[in-house]
Amino acid sequence: MATSTSRGALSLAATLLTATIALYTALVAFGNITDFGTNQQFVRHVLAMDTTFKDEDLMWRAITSQGLQDAVYVGIIVWETLAALVLIYGSWLWVRRDDARARRMSGYGLLMVMLLFGAGFIAIGGEWFAMWQSESWNGLDAATRIFLFSGVVLIVNQLSARRGETPAT
């Protein structure tokens, strides 16, 4: 009986947490589409490295072409939008109690979010483009929060698997 109750609680947690990340990601994508210029400036400054320490050993990494900067930004928005759609679908599957498919789709969407914020913003933006050096254009705290939150949700999703069920199926 305890197993059934805890499985139900974990499935509910997976549903609500996945829906929360889906909502967040959808709102971020929507905001970037409807208020294109705000985060466009963020991406441009990070890639241009114009608010870093200007260390000659690092500045060769800077991307100053606005066309290339904007292409990166559009790529980010497309990735966010796709991740949001996958997570919304995963949330819908959780609501329908199609747990195995919900877990799989949610896992894909959560990994997409983690790749964007972990590899994209923390590793590439933070380290390669030295975003950590900027007082005005540093998004590492926000990226770390979303990366960690998504990781926790991914764990909850995988923990909700029935005993004997392979979590990735």
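This is a predicted model, so every value here is computed, not measured.
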Supply the atom-to-atom distance [X] [atom1] to [Y] [atom2], rounded to the nearest 0.5 angstrom.
{"X": "E56", "Y": "M59", "atom1": "CD", "atom2": "CE", "value": "10.0 Å"}
{"X": "N32", "Y": "N39", "atom1": "CG", "atom2": "CG", "value": "4.5 Å"}
{"X": "Q40", "Y": "Q66", "atom1": "CD", "atom2": "CD", "value": "7.5 Å"}
{"X": "L85", "Y": "M105", "atom1": "CG", "atom2": "CE", "value": "10.0 Å"}
{"X": "R44", "Y": "Y73", "atom1": "CZ", "atom2": "OH", "value": "10.5 Å"}
{"X": "F42", "Y": "S136", "atom1": "CZ", "atom2": "OG", "value": "10.0 Å"}

Same apolar cluster: [X] and [Y], side chain cutoff 4.5 Å:
{"X": "V74", "Y": "V72", "result": "yes"}
{"X": "W79", "Y": "F36", "result": "yes"}
{"X": "L87", "Y": "W94", "result": "no"}
{"X": "V86", "Y": "V95", "result": "no"}
{"X": "I88", "Y": "I33", "result": "no"}

Anything under 3.5 Å between a donor and an acceptor, one on a side chain of residues 109-133, the other on a protein residue two or more places apart or in another chain? List them.
unit_1, atom_1, unit_2, atom_2, d
Q133, OE1, F53, N, 2.8

- Report, as yes or no, whether the 6.0 Å neighbourhood of atom CG on D141 holds more than 12 heavy atoms from other residues, nucleotides or ligands. no
- Item | N/O donor-acceptor pair under 3.5 Å between Q69 side chain and I63 backbone | yes
- Non-neighbouring partners of S134 that pass side chain to side chain donor-acceptor pair (under 3.5 Å), sequence neighbours left out: T51
Quiz: residues 142-154 side-chain donor-acceptor pairs under 3.5 angstrom, not counting sequence neighbours:
unit_1, atom_1, unit_2, atom_2, d
T144, OG1, L140, O, 2.8
S150, OG, I146, O, 2.9

- Note on the structure: For D50, the salt bridge (Lys or Arg N to Asp or Glu O under 4.0 Å) test, sequence neighbours excluded, returns none
- Compare every heavy atom of G90 with every heavy atom of A102, then report the nearest pair and how far apart it is. CB-O, 3.8 Å
- Give every residue pair that meets the salt bridge (Lys or Arg N to Asp or Glu O under 4.0 Å) criterion with at least one member in residues 86-98, sequence neighbours excluded. D98-R101
I'd like a table of donor-acceptor pairs (distance under 3.5 Å, sequence neighbours excluded) in which one partner is a side-chain atom from residues 15-28, with atom names and distances.
unit_1, atom_1, unit_2, atom_2, d
T15, OG1, S11, O, 2.7
T18, OG1, A14, O, 2.7
T18, OG1, N157, ND2, 3.1
T20, OG1, L16, O, 2.8
T25, OG1, I21, O, 2.8

